[in-house]
Amino acid sequence: QLVESGGGLVQPGGSLTLSCTASGVTLDYDAIGWFRQAPGKEREGVACINSIVSKDVEMTFVVESVKGRFTISRDSSKNTVYLQMNSLKPEDTGVYYCVTDFVRTETTLQKLGDYWGQGTQVTVSS
């Protein structure tokens with residue numbers, strides 16, 4: 001089970017780093033995706049990172065709306081995947097989830113199952 005943390009209230013232009021961890025299982029061999037759900041909107045994929053054994057040349061992916069602002073990375077020693085979010089905008093507000101059951105298309109991420117964890121709330125507001 002994945003656990004998200006690191007959300008909070010931040011002013012526009014600010015930064016936050018979200019963490020995705022799991023107890024009892026290593027995340028290294030899973031592709032991890034971050035999704036978010038803004039108020040009144042459907043959940044959308046934001047970024048993903050391949051497993052450490054992936055042969056894909058492109059190990060990370062972010063959707064166009066956050067490109068240049070969000071970065072996804074993993075720290076195997078901490079069994080954690082991070083989503084570094086810079087230059088935050090009010091439209092980045094939402095609940096952020098990390099998942100393993102997703103697929104990546106050319107431009108988006110699509111969730112495969114129905115289960116979502118608790119997520120972590122990000123609010124960008126002055």
Side-chain angles (χ1 to χ4, degrees):
Q1 184 173 349
L2 303 183
V3 178
E4 306 90 345
S5 63
L9 172 64
V10 63
Q11 291 187 343
S15 298
L16 278 176
T17 301
L18 306 184
S19 299
C20 173
T21 61
S23 58
V25 59
T26 178
L27 296 180
D28 281 352
Y29 301 103
D30 286 305
I32 304 295
W34 281 98
F35 286 68
R36 68 185 179 187
Q37 185 169 28
K41 294 188 176 181
E42 293 188 356
R43 289 185 179 99
E44 62 172 351
V46 175
C48 68
I49 187 167
N50 288 346
S51 80
I52 65 170
V53 296
S54 171
K55 301 281 193 289
D56 197 342
V57 173
E58 191 178 51
M59 291 296 288
T60 64
F61 168 82
V62 294
V63 297
E64 193 62 33
S65 61
V66 303
K67 193 167 288 186
R69 301 189 298 119
F70 288 14
T71 304
I72 187 170
S73 63
R74 67 168 76 235
D75 185 337
S76 296
S77 69
K78 296 182 179 178
N79 201 35
T80 301
V81 172
Y82 299 102
L83 184 66
Q84 173 69 43
M85 306 186 297
N86 299 325
S87 302
L88 282 162
K89 304 175 181 180
E91 51 263 43
D92 295 317
T93 293
V95 181
Y96 284 69
Y97 305 87
C98 61
V99 301
T100 58
D101 55 338
F102 69 96
V103 292
R104 173 187 153 185
T105 69
E106 194 169 327
T107 59
T108 66
L109 305 179
Q110 294 182 5
K111 182 78 162 57
L112 295 177
D114 296 327
Y115 174 78
W116 296 90
Q118 294 214 341
T120 186
Q121 174 71 47
V122 171
T123 303
V124 185
S125 175
S126 54

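Atom set for the values below is all heavy atoms of this structure, side chains included, hydrogens, waters and symmetry mates excluded.
Across every non-hydrogen atom of Asp28 and Ser76, the tightest pair is OD1-OG, 2.8 Å. Minimum heavy-atom separation, Thr80 to Ser19: CG2-CB, 3.9 Å. Minimum heavy-atom separation, Ser126 to Pro12: N-CD, 3.7 Å.
Leu2 and Leu83 fall within the same hydrophobic cluster, defined by Ile, Leu, Val, Met, Phe, Trp and Tyr side-chain heavy atoms under 4.5 Å apart, directly or through other members. In the hydrophobic clustering of ILVMFWY residues, with side-chain heavy atoms under 4.5 Å counting as a link, Leu88 and Val63 come out together. Val66 and Phe61 end up in the same hydrophobic cluster when Ile, Leu, Val, Met, Phe, Trp and Tyr side chains are linked at under 4.5 Å. The same ILVMFWY cluster, assembled from side-chain heavy atoms under 4.5 Å apart, contains both Trp34 and Val10. Taken together through direct or relayed side-chain contacts under 4.5 Å among Ile, Leu, Val, Met, Phe, Trp and Tyr, Val3 and Trp116 form parts of separate hydrophobic clusters.
Side chain of Asp75 to backbone of Ser77: a donor-acceptor contact under 3.5 angstrom is found. Within the 3.5 Å criterion, the main-chain N or O of Leu27 finds a donor-acceptor partner in the side chain of Asn79. Although no hydrogens or angles enter the test, the distance criterion places a donor-acceptor pair under 3.5 Å between the side chain of Thr93 and the main chain of Pro90. A donor-acceptor pair is defined here as one N or O able to donate and one able to accept, closer than 3.5 Å; such a pair exists between the side chain of Asp92 and the backbone of Lys89.
For residues 8-17, the set of pairs meeting the side chain to side chain donor-acceptor pair (under 3.5 Å) definition, not counting sequence neighbours, comprises Ser15-Asn86, Thr17-Gln84. A salt bridge (charged side-chain N to carboxylate O under 4.0 Å, His left out) check over residues 107-117, counting only residues at least two apart or in different chains, returns the pairs Asp101-Lys111. Listed by first then second residue, pairs satisfying disulfide bond (SG atoms under 2.5 Å apart) with a partner in residues 93-126 read Cys20-Cys98, not counting sequence neighbours.
Applying the side-chain hydrogen bond (donor to acceptor under 3.5 Å, both in side chains) criterion to Gln1, with sequence neighbours excluded, gives Tyr115. Remark: Cys48 engages no residue in a disulfide bond (SG atoms under 2.5 Å apart) (not counting sequence neighbours). Under the ring-ring contact (aromatic ring centres under 6.0 Å, His included) criterion, Tyr96 pairs with no residue at all, not counting sequence neighbours. Not a single side-chain hydrogen bond (donor to acceptor under 3.5 Å, both in side chains) links Ser23 to another residue, sequence neighbours left out.
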Just distance, no hydrogens or angles: give the donor-acceptor pairs under 3.5 Å from side chains in residues 39-47, sequence neighbours left out.
| unit_1 | atom_1 | unit_2 | atom_2 | d |
| --- | --- | --- | --- | --- |
| Arg43 | NE | Gln37 | OE1 | 3.4 |
| Arg43 | NH2 | Tyr97 | OH | 3.4 |
| Glu44 | OE2 | Arg36 | NE | 2.7 |
| Glu44 | OE2 | Arg36 | NH2 | 3.1 |

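Contact check for Thr105 versus Gln110: side-chain heavy atoms found under the 4.5 Å cut-off. Residues Thr100 and Ile32 have side chains in contact (heavy-atom distance under 4.5 Å, counting atoms from C-beta outward).
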- Task: Test Phe35 against Phe102 for side chain to side chain contact (heavy atoms under 4.5 Å, CB included), laying out the working first.
- Result: CA-CA 10 Å; Phe35 286 68; Phe102 69 96; 4.0 Å; yes
- Check step by step if side chain to side chain contact (heavy atoms under 4.5 Å, CB included) holds for Val81 and Ile72. CA-CA 7 Å; Val81 172; Ile72 187 170; 3.9 Å; yes
- Item | Stepwise side chain to side chain contact (heavy atoms under 4.5 Å, CB included) test for Glu4 and Leu18 | CA-CA 7 Å; Glu4 306 90 345; Leu18 306 184; over 6 Å; no
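Through side-chain heavy atoms spaced under 4.5 Å, either directly or across other Ile, Leu, Val, Met, Phe, Trp or Tyr residues, Met59 is tied to no other residue. The hydrophobic cluster containing Ile52, built from Ile/Leu/Val/Met/Phe/Trp/Tyr side-chain heavy atoms closer than 4.5 Å, also comprises Tyr29, Val53. Hydrophobic cluster of Leu9: no remaining members, since no ILVMFWY side chain lies below 4.5 Å from it. Hydrophobic clustering, defined by side-chain heavy atoms of Ile, Leu, Val, Met, Phe, Trp and Tyr closer than 4.5 Å, groups Leu112 together with Val103.
Residue-environment remark: CD (Glu91) exceeds the threshold of 12 foreign heavy atoms within 6.0 Å.
Atom NZ in Lys55 sits 11.5 Å away from atom CG in Asn50 (nearest 0.5 Å). Atoms OG1 and CD1, from Thr60 and Ile49 in turn, are 6.5 Å apart once rounded to the nearest 0.5 Å.
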